[in-house]
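For reference, the structure is listed below as structure tokens.
As the structure is a computational prediction, the values presented were derived from the model and not from experiment. Letters go in sequence order (proteins before strands), and every chain restarts at 1.
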Amino acid sequence: MKNTPGWQKIEQWLAAKELKPFAFQEEAWEHYLHGRSGLVNAPTGFGKTFSLFLAVLIRWVNEGSPPTSGLQMLWVTPLRALAKDIGRAMEEALHELRIPWKVGIRSGDTATSEREQQKRRMPEILIITPESIHILLAQKEYAKRFEGLHTVVIDEWHELLGSKRGVLVELGLCRLRSLRPQLQTWGISATIGNLDEALDVLMGTATASKAIVRAEVNKAIEVHCILPDEIEKYPWAGHLGIRLLHKVLPVIRNSRTTLLFTNTRGQSEIWYQQILKAYPDMAGVMALHHGSIDAELRIWVEEALHTGALKLVVCTSSLDLGVDFRPVDTVIQVGSPKGVARFLQRAGRSGHQPDAVSHIWFLPTHSLELVEAAALKDAMKANLIESRMPVVLAYDVLLQYLMTLAVSDGFNAEETWAEVRSTFCFQSLEPEEWQWILAFMTTGGEALNSYDEFRKLHLVGDRYYCTSRQLAMRHRLHIGTIVSDAMLKVRYMTGGFIGLIEEYFISRLSPGDSFSLSGNNLEFVMIKDMTVLVRKSKSKKSIVPSWNGGRMPLSANLGMMLRRKFHEAMNGIAQEEEITILRPLFDLQQLLSHIPQENELLMEHIETKDGYHLFVYPFEGRLVHEVMAALLAWRISRQHSISFSIAMNDYGFELLSDQPIPVDDTNAQELLSPENLAADLQSSVNATEMARRKFRDIAVIAGLIFQGYPGKHKANRHLQSSASLLFNVFHDYDPQNLLLRQAFNEAFFYQMEEARLRDTLERIAGQKIVITFPQRLTPFCFPIKVDSLREQLTSEKLEDRIKKMIVW
DNA sequence: GACCTGCTGCGGTTTG
């Protein structure tokens with residue numbers, strides 16, 4: 001293959017740019033030229049993206065005169081912003097190589113005129129989002145557009161894999177493969193624990209020959225830890241880390257450009273304010289970047305990063321992707337990154353040239369988090385990178401997809417069944433389930449058959465169509481799997497946009513209150529036309545918005561590494577500075593209680609004026625702890641009449657009662673046994689309530705709830721109540737409803753992390769349970785105690801309060 | 001001995 005003209009042309013071009021292809025790139029080219037599909041994996045900065053683009057060009061030059069008759073390659077990216085960067089780079093390469101191909105972008109940003117142009121004539125390369133693929137599939141005679149297509153590349157496949165957006169990709173691919181049986185599919189993925197599975201999901205049950213190309217290159221990453229001077233004075237609890245601010249500035253000063261990652265938007269607001277206050281001279285060269293900041297401002301920040309005009313950007317995971325090609329040389333992570341993969345990904349944002357070393361600084365927000373720093377380092381060495389679990393049997397996405405087909409050219413049930421079954425997601429879909437789905441979409445099912453708007457499909461000949469123009473239009477507006485909370489725009493009285501804020505947060509403010517957004521101190525004036533009007537605030541004190549985000553638990557890999565680190569600390573094996581500096585804390589923990597070894601589970605009984613506490617430390621992340629706490633409480637209360645309140649964090653959980661908690665050596669093992677888990681979970685956890693919450697998104701994705709036209713506001717409460725109503729109706733009148741079943745499955749899988757819980761209980765069954773009776777609060781229990789106190793002190797939502805006061 | 005938790009991502013056609 002190496003002596004083909006295309007290959008040589010590309011090599012010459014790379015040489016002229018003083019670039020040499022990596023071995024893995026050449027391997028990818030070989031596979032591609034042999035007509036295979038597959039997955040490419042390499043660290044950031046090694047040209048994964050370009051290797052495939054070049055492979056396509058090689059093939060094409062080899063084939064002689066270029067087919068300039070429409071779409072050849074579809075390039076799927078999860079981010080609109082990424083599409084622009086990649087498009088620019090491709091155009092440049094095509095220009096230099098004198099290849100007369102056009103590159104187009106199809107996303108929500110694409111102008112109407114451009115869309116029409118694309119309709120008349122597709123560009124040879126189209127960069128597209130998963131959602132936009134489905135929008136194309138929702139158009140009449142869509143098949144024509146894909147007539148010449150021979151390659152689909154899914155960029156950042158690891159990002160899409162674990163979500164319903166990944167299912168959109170799977171479904172889109174199964175349709176395209178039917179249209180173009182020779183289609184070559186390539187994924188590009190960062191390193192994850194289940195690369196083989198990632199390939200399987202991408203390929204579905206297609207029999208095409210496939211390969212994984214892994215780069216045998218190691219990216220050098222240096223992890224530095226920002227250590228407090230006196231560990232005795234560093235807080236045992238907390239999440240902010242602002243006390244170490246003075247140690248951060250030298251790091252920033254000594255770098256050209258720094259990204260400072262925080263875990264929440266609120267936290268980034270605080271850090272931004274505090275840095276500005278302590279070092280006003282940073283004013284012109286620092287910026288804030290997170291999901292609630294106005295899109296235009298964010299684009300400006302990204303551009304300024306590009307040109308190197310900014311010295312510091314304080315951000316959340318909004319900058320996790322898409323800062324390649326940018327001169328970032330230092331990354332600071334404030335607080336736990338919760339997982340190894342995320343930490344590596346952020347580290348990779350710096351020094352992305354192949355030979356450059358990536359520098360990442362870890363800043364602990366409380367003392368015990370230092371152990372996490374040591375655990376992260378070891379996990380990186382051992383390559384313990386988390387897996388992304390593919391979504392299976394997402395009926396809601398399937399319903400949406402069928403509607404997509406129905407509004408364009410209709411679908412034949414048998415053909416589509418075969419295609420859908422060829423995806424990884426729906427490979428185990430049962431014929432009865434398929435029949436149920438068709439019936440549900442045609443009649444509205446058992447519960448909704450008297451409502452016209454739920455009778456969406458009509459069988460005409462042997463094809464299902466949606467004949468209602470109104471429903472079709474609604475559907476095209478609702479393609480996608482991301483369901484957001486209601487956001488309001490924030491604007492100065494005098495005009496000028498600041499950002500977005502959740503309706504929920506604003507609803508709790510009164511006119512005159514001050515809050516902080518986009519680094520500004522703002523005074524709330526009023527809400528008008530769904531816009532929050534504000535003026536600059538003179539008040540020194542302001543409320544930092546809290547958003548209703550997800551709660552990411554500590555990953556299983558990191559939890560495992562943490563337990564090992566405690567074991568090493570206990571036995572004096574650990575030599576890292578992060579651990580040795582914690583000596584006084586460990587000594588105190590050991591004196592008051594115990595440091596658990598790797599084969600031990602620690603429980604602490606502590607009596608305070610609040611009552612009787614039982615602390616348990618499995619280190620399995622807060623979701624598992626929440627369910628474990630409920631399970632343990634329920635099992636205890638089955639034998640004794642006793643009531644509890646519950647608190648938890650990523651390291652452990654607490655049961656609190658007004659009477660002594662009857663857990664000791666004789667029954668502890670049994671109370672945490674994996675036996676009867678399923679049945680006991682049913683009784684101890686309010687699964688119906690959890691499922692109800694999951695159902696909201698499912699109902700929106702499946703198209704049962706209309707969210708309103710873009711730009712027009714429909715209050716979130718409507719959404720919430722109509723979803724709840726549908727949930728009740730299905731629950732009472734249509735218990736076989738697949739969407740209802742999906743809601744329960746999602747609650748068990750994602751909310752309770754049932755599989756991980758079972759693993760944990762099985763692990764504990766083989767461990768020794770150490771029970772201690774400390775005379776006062778220990779360093780281990782302190783963070784949990786503080787968190788539970790905070791919840792009592794803040795304006796708790798009634799729902800949460802009730803949840804906590806559940807009496808068994 | 002004490003704290004300001006909770007991320008990100010997408011999205012309009014058809015026909016008059």
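If you take CE of A:M648 and P of B:dT5, they are 16 Å apart, rounded to a whole angstrom. Atom pair A:D697:CG and B:dT8:P shows a separation of 16 Å (rounding to whole Å applied). Straight-line distance from the CE atom of A:M473 to the P atom of B:dT13: 12 Å, rounded to whole Å. Rounded to an integer number of Å, the gap from A:L161 CG to B:dT8 P is 21 Å. Between the CZ atom of A:R342 and the C1' atom of B:dG6 there is a distance of 11 Å, rounded to whole Å. One interatomic measurement links the two molecules: NZ of A:K164 to P of B:dG11, which rounds to 19 Å at whole-angstrom precision. If you take CD of A:E141 and C1' of B:dT13, they are 14 Å apart, rounded to a whole angstrom. The distance between atom CD1 of A:I701 and atom P of B:dG11, rounded to the nearest whole Å, is 15 Å.
Checked options A:T110, A:I105, A:I127, A:D109; the residue passing with A:R80 is A:D109 (criterion: side-chain contact (heavy atoms from CB on, under 4.5 Å)). Here the options are A:L585, A:L592, A:L588, the test is side-chain contact (heavy atoms from CB on, under 4.5 Å), and the partner is A:T778; only A:L592 passes. Applying side-chain hydrogen bond (donor to acceptor under 3.5 Å, both in side chains) to A:K164 and the options A:D697, A:D396, A:T481 leaves one that passes, A:D396.
Two residues, A:L592 and A:T316, neighbour DNA chain B, and the one matched to the more 5' nucleotide by heavy-atom proximity is A:L592. Map A:E131 and A:P235 each onto its nearest nucleotide of DNA chain B; the residue landing nearer the 5' end is A:P235.
Taking the six-membered ring where the residue is Trp, the centroids of A:H134 and A:Y401 are separated by under 6.0 Å.
Remark: A:R80 is in phosphate contact with B:dC10, judged by side-chain N or O atoms under 4.0 Å from OP1 or OP2. For the pair A:S163 and B:dG9, the criterion of a side-chain N or O lying under 4.0 Å from OP1 or OP2 is not met. Using a 4.0 Å cut-off, some side-chain N or O of A:R243 falls inside it from OP1 or OP2 of B:dC3. For A:Q267 and B:dT5, the shortest distance from a side-chain N or O to OP1 or OP2 is not below 4.0 Å. Phosphate contact (OP1/OP2 of B:dT14, side-chain N/O of A:K119, threshold under 4.0 Å): present. One finds a side-chain N or O of A:R265 lying less than 4.0 angstrom from the OP1 or OP2 phosphate oxygen of B:dT8. Close to B:dG11, at under 4.0 Å from its OP1 or OP2, lies no side-chain N or O of A:R476.
Taking syn as a glycosidic angle within 90° of 0, B:dG9 does not qualify and is anti.
Considering only the side chain of A:S318, B:dT8 comes nearest among B:dG11, B:dT8, B:dC7. Taking every side-chain heavy atom of A:I270 into account, B:dC4 is the closest of B:dA2, B:dC4, B:dC10. Closest to the side chain of A:T129, out of B:dG11, B:dT8, B:dC4, is B:dG11. When each of B:dG12, B:dG6, B:dG11 is scored by its nearest atom to the side-chain atoms of A:K338, the top-ranked nucleotide is B:dG6. Side chain of A:Q139, nearest nucleotide from B:dG12, B:dT14, B:dT8: B:dT14.
With sequence neighbours left out, A:F343 forms a ring-ring contact (aromatic ring centres under 6.0 Å, His included) with no residue at all. Every residue meeting the side chain to side chain contact (heavy atoms under 4.5 Å, CB included) condition with A:E116, not counting sequence neighbours, appears here in chain and number order: A:T112, A:R120.
At a cut-off of 3.5 angstrom, counting only N and O atoms as typed in the model, there is no donor on one side facing an acceptor on the other between the side-chain of A:R474 and the base of B:dG12.
Nucleic acid contact for A:R298: sugar-phosphate only, since backbone atoms but no base atoms lie under 4.0 Å from a heavy atom of the residue. Using a 4.0 Å heavy-atom cutoff across all strands shown, A:I135 reaches sugar-phosphate atoms only and no base atom. Contact annotation for A:K140: backbone-only contact, meaning every heavy-atom pair under 4.0 Å involves sugar-phosphate atoms and none involves a base. Base engagement by A:R469 is indicated by at least one non-hydrogen atom pair under 4.0 Å involving a base atom. Residue contacts for A:T365: at a heavy-atom cut-off of 4.0 Å it reaches no nucleic acid atom on any strand shown. Nucleic acid contact for A:L136: none, since no nucleic acid atom lies under 4.0 Å from a heavy atom of the residue. Backbone-only engagement by A:R106 is indicated by non-hydrogen atom pairs under 4.0 Å involving sugar-phosphate atoms exclusively.
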Stepwise, does the side-chain hydrogen bond (donor to acceptor under 3.5 Å, both in side chains) test hold for A:E369 with A:S336?
CA-CA 7 Å; A:E369 224 165 47; A:S336 168; 4.8 Å; no

